[in-house]
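First the structure, in the form of structure tokens, and then the observations on it.
What you see is a predicted model; the values in this text were computed from it and never measured. What you see below is based on every heavy atom in this structure, not just the backbone, and it leaves out hydrogens, waters and symmetry mates.
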Amino acid sequence: MPRFVTGGQLIALVIALILSTAALIVPSITATMAEQSAWLAPWMGLPVALAVAYAAVELHRRYPDQTLIEYAPRILGKPLGKMVGFLYVWWFFHVTATILQEHSLFMDSTILIATPGSVFYGSLALLGVYLLGQGLHVLVYLNVLMLPFMLALLMTGLILVSPNMDPGNLVPLISHGGLPQLLVASLGSAGWLAQVVLVSMFLPYVRPDAGATRAITAGLVITVFTLSLVTAGTIAVFNASETVRLQFPVYSLTRFVFISEFFNRLDALAVVVWVAAVTVKFGLWFFAAVLALAQLTGLRSPVGLLPAAALFVVALSTVLYDNVAQMTTFLAEVMPLYSLVVFEVGLPALLLVIALFQKKGVKG
Amino acid sequence: MKRRWLSLLVLLPLILLTSCWDRIELNRLGMVIAVAIDPAPQGSEDRVEVTAQVLKPQPPGQTAPGGQGGGAGPFVNIPVTGHGSAEAAQRVALESARTPFYGHTQLFILGEDLAEWDVRVFMERPGRGFELRRAARIIVARAVSGKELLSTNVKLADIPAEGIIDILETHYQTGFVPDIRLRDFMARLNSKTGAAIVPAFALVPRNTGSGGNQGTEMIIQAAGTAVFREGRLVGYLSPRETRGLLWEQGQVRQTVVNVPFPGSPPDLIIGLGIRRAFSSIRMEADGYRVRADIDIEVRADISEYGILRDISKPRSFSILNQQLSRIVKDEVEGTVRISQDELQADIFNLGEQLRRQDNQSWQRLAPIWDEIYPNIEVNVTVRSILRHRGTIIVPPGVMN
């Protein structure tokens with residue numbers, strides 16, 4: 001595999017594969033549990049995500065040229081390893097399908113209400129096939145090009161809406177007796193942040209001199225910082241009780257920008273950021289899913305699988321979610337634990353522990 | 001070579017000289033935007049009265065706000081009588097300084113009194129003349145004459161005919177008015193089995209002003225659908241009944257359907273915004289028994305939560321899906337019943353579906369369709385797909 005991803009690109013990649021969908025709905029989910037302390041939840045989820053990332057890097061050090069799907073059979077033995085690989089293929093496709101439907105539901109609910117949902121997931125899937133057909137490097141470079149603008153726009157939006165913020169909405173830091181709820185919310189946040197486990201599919205593409213650990217750590221900290229800021233901003237503007245009611249809190253936040261009479265209606269900007277960000281996030285997860293499937297089945301190149309896989313993802317996304325209520329409930333109540341326990345912490349920890357005892361692979 | 005050049009020289013002017021030798025310059029034409037046909041006034045020896053609404057060109061910046069029937073507005077109404085519409089159209093020219101031009105006519109109005117005769121007689125001329133286009137819309141003036149409709153102002157429109165067209169276009173989406181062009185009307189008039197449907201418009205009084213200067217004004221309003229059988233007006237569908245028909249035609253878009261939530265007070269309802277509706281029809285004939293299976297798929301989202309409770313969970317969505325399906329099914333079945341029992345007219349055009357799907361049976365049944373149609377067994381199944389709820393989850397003050 002060509003190892004072309006530099007440290008800077010890895011930082012951007014880590015941010016892109018988590019941030020966009022986490023910022024779309026999650027602030028209202030964490031606020032449901034932790035109220036005004038919701039902005040602390042990402043920080044409390046950070047250690048979990050870091051542990052997951054370090055496990056991935058440690059496994060990568062032992063099997064430097066291989067992805068999770070490839071070294072799982074070498075650690076667990078073929079039948080068990082292939083089964084773990086299959087589970088991961090499923091999970092990657094599951095998350096990919098969820099991203100598609102999130103995009104479609106968001107666009108349908110906000111600015112393009114009369115457009116059929118199929119237009120959104122269809123176009124995104126097509127774009128994914130095209131982008132990945134060109135190779136992973138295109139997606140990586142595209143991400144490096146766009147991410148700074150996206151973050152800058154997001155920050156600009158936050159600064160512009162800041163005159164409407166009431167810091168009092170964030171007090172008290174933690175409600176009396178609210179620590180348990182905050183911990184539950186942190187678990188939710190951790191579920192999203194630990195999506196960083198996906199880097200174990202990309203690490204074989206990272207240059208040896210990239211400083212993977214530092215880059216991933218930096219990426220995670222930036223992600224957590226942004227998520228926390230966005231959540232705090234939403235709560236400061238709307239108060240926690242209203243944030244809970246918002247389907248798309250950050251979108252609503254940008255709609256609240258008004259500076260004097262003329263500077264307002266920035267919602268289109270939020271949509272621009274979203275579309276750019278979700279394109280990359282979808283691309284990365286879709287790539288991981290297709291690559292995993294190819295490696296599981298022993299195909300040399302995943303490119304031929306792209307069209308069929310895109311069709312499958314589109315079909316899966318419509319089968320999984322009929323409406324926004326199903327999706328939100330799944331994301332709030334099922335997804336964090338389902339992802340966290342099995343795919344983000346459980347299986348990687350298992351792999352790492354066994355690998356440590358086996359002392360196989362290249363010593364680091 | 002010389003001859004060639006010479007012939008070219010002769011041919012070249014031909015290209016330059018092509019033009020219509022009987023052309024009429026634009027500033028000599030009177031654009032007729034709408035035509036209404038009514039019975040001639042009593043005492044007249046003619047049969048019909050044709051009202052042509054002609055655009056009155058005005059220098060830019062001088063458009064007078066809201067003219068009254070040939071007064072200050074950018075149009076004039078020219079009412080003339082004649083034995084047929086061709087003769088009447090001729091007489092419009094006699095009363096106008098500009099030659100009436102029907103190539104841009106967009107609206108064709110049948111007065112109700114006329115529609116009680118066999119309208120096929122009057123639909124002859126519009127199809128034959130080369131100017132009038134079949135994309136023109138047709139409406140029935142309900143309980144008024146077409147002339148009166150054309151003389152009534154539509155709010156925010158300079159020209160009544162254009163106002164009516166705008167109302168029609170907005171209304172096509174709601175499902176309360178069918179989208180019918182001359183082409184569709186003709187096709188149904190030709191049909192051996194189908195009944196023709198035409199949107200109806202009426203004038204209704206509405207109170208204006210307050211306190212001392214109270215008054216009433218007449219406003220134009222969509223008033224359901226006129227149903228024609230063999231060229232004769234047999235009755236009307238109300239707007240709600242029209243929607244029952246248009247669900248089946250897959251024409252409903254952007255309407256709001258009110259749905260009660262089980263266990264909530266009946267006056268608290270949820271407004272579901274319809275995005276699209278699709279339908280498919282399967283016809284089966286066995287002897288003289290005909291069955292129609294109508295499958296309808298409705299896509300919608302939540303426009304308004306009228307009840308103060310948490311219905312954010314997937315279960316509420318499935319309940320709302322059931323409710324919406326039931327309501328749409330009731331509307332369609334209600335209209336089917338009216339068309340079978342009261343109107344006895346195949347407004348759903350089920351005969352045409354049978355012709356396409358089971359031609360043999362259709363050939364056998366078409367001559368006696370009038371007896372067959374009221375006894376068709378119609379099964380309606382509706383599937384509703386609610387997708388989202390906009391940008392908030394629960395009503396204010398309700399925690400999820």
ask   = Is any side-chain heavy atom of A/L246 closer than 4.5 Å to a side-chain heavy atom of B/T391?
value =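 Answer no - side chains too far apart.
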
request  = Write down the atom of A/S104, the atom of B/R387, and the distance for their closest heavy-atom approach.
outcome  =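 Distance-wise, the nearest heavy atoms are OG-NH2, 2.6 Å.
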
request  = Test B/R389 against A/L105 for side-chain contact (heavy atoms from CB on, under 4.5 Å), laying out the working first.
outcome  = CA-CA 10 Å; B/R389 54 190 169 211; A/L105 281 168; over 6 Å; no

For [X], is it the side chain, the backbone, both, or neither that has a heavy atom closer than 4.5 Å to a heavy atom of chain B?
{"X": "A/S28", "value": "side chain"}
{"X": "A/P116", "value": "side chain"}
{"X": "A/F106", "value": "neither"}

request  = Output the distance between atom CZ (B/R275) and atom CG (A/D108), rounded to the nearest 0.5 Å.
outcome  =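 Here the interatomic distance stands at 8.5 Å.
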
message = Is B/P396 in contact with chain A via its backbone, its side chain, both, or neither, using a 4.5 Å heavy-atom distance?
response =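 Both backbone and side chain.
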
key: residues 314-326 of chain A: residues contacting chain B (heavy atom under 4.5 Å, by number)   =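 The residues closer than 4.5 Å to chain B, in numerical order, are A/D322, A/N323, A/V324, A/A325, A/Q326.
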
request  = Evaluate the criterion side-chain contact (heavy atoms from CB on, under 4.5 Å) for residue pair B/K313 and A/E333; output intermediate values, then yes/no.
outcome  = CA-CA 11 Å; B/K313 296 289 182 279; A/E333 293 170 10; 3.6 Å; yes

query = Checking A/R245 side chain against B/I393 main chain: does a donor-acceptor pair fall under 3.5 Å?
reply =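 Not confirmed, A/R245 side chain does not pair with B/I393 backbone.
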
request  = Please check if atom CZ in B/R181 has more than 12 non-hydrogen atoms from other residues, nucleotides or ligands closer than 6.0 Å.
outcome  =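 Yes.
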
task = Sort by residue number and list every member of residues 314-328 of chain B having a non-hydrogen atom under 4.5 Å from chain A.
result =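 Residues B/P314, B/F317 are the ones that qualify, each having a heavy atom under 4.5 Å from chain A.
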
